[in-house]
Amino acid sequence: MSRDHPPEPLDFFIWTVEDVGSWLEEINLGSYRPIFKENGVNGEYLESMSVFTTEQILHFIRRHHMKWGDFITLCKELRRIKVACLKGEQRVRRPWWAPSCLSVVFVKAAKRNRQSRVVSLKLES
């Protein structure tokens, strides 16, 4: 992500370790930034947390030396981002690594992907 802007919530699947650290600062969990960086927690890892078993959750909390309340805050903030993405409340922009000539293509693909996620969420309900 650009160093001038905080990471976009819609892009959290592709957040780098540094982006995750910036986000932790934003949600008042900045004290965990060094340990998350040390353990290589990126956006893909955050996304995978939604399917963690109880054992994996406990392992995560121990490995990152988290308090239960902070873990709950982390999960609530992740959920808030996901819901906003699914509802289409987040602005779509191209990833920092994509050339500007692909902006239109990326935005269209992201919107189409978001719509398909909303449809599958409704079908699963």
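Interatomic distance, CE of M66 versus OG of S31, reported as 8.0 Å (0.5 Å rounding). Between R62 atom CZ and H59 atom NE2 the span is 8.0 Å, to the nearest 0.5 Å. For the atom pair SG (C75) and CG (D70), the distance works out to 11.0 Å, reported to the nearest 0.5 Å. For the atom pair S48 OG and Q56 CD, the distance stands at 8.0 Å (nearest 0.5 Å).
At a threshold of 4.5 Å between non-hydrogen side-chain atoms, the residues L29 and W23 do not count as touching. The side-chain heavy atoms of Y32 and K37, taken from C-beta on, include no pair separated by under 4.5 Å. In this structure, the side chains of L24 and V20 come closer than 4.5 Å at one or more pairs of heavy atoms.
A salt bridge links R33 with E18: the closest approach of a Lys/Arg side-chain nitrogen to an acidic carboxylate oxygen falls below 4.0 angstrom.
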What's the verdict on side chain to side chain contact (heavy atoms under 4.5 Å, CB included) for K76 and F71, showing C-alpha distance, side-chain angles and the deciding distance? CA-CA 9 Å; K76 283 181 180 177; F71 180 74; over 6 Å; no
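When every heavy atom of W15 is checked against every heavy atom of N42, the shortest pair comes out as O-CB, 3.4 Å.
Remark: R63 CZ is packed, more than 12 non-hydrogen atoms of other residues, nucleotides or ligands lying under 6.0 Å away.
Grouping the Ile, Leu, Val, Met, Phe, Trp and Tyr side chains by contacts below 4.5 angstrom, directly or via other members, places I72 apart from L78. No path of Ile, Leu, Val, Met, Phe, Trp and Tyr side chains, each step under 4.5 Å between heavy atoms, connects M49 with V17, placing them in separate hydrophobic clusters. Linking ILVMFWY side-chain heavy atoms closer than 4.5 Å, directly or via other members, places V51 and I61 in two distinct hydrophobic clusters.
Under the 3.5 Å distance criterion, the side-chain polar atoms of E77 are left unmatched by any main-chain donor or acceptor of L74. A donor-acceptor pair under 3.5 Å links the side-chain atoms of N39 to the main chain of I35, judged by distance alone.
Among residues at least two apart or in separate chains, salt bridge (charged side-chain N to carboxylate O under 4.0 Å, His left out) pairs with a member in residues 41-56 are E47-K82.
Taking the six-membered ring for Trp, F36 and F60 have ring centres closer than 6.0 Å.
Side-chain contact, D19 with S22: no donor N or O sits under 3.5 Å from an acceptor N or O.
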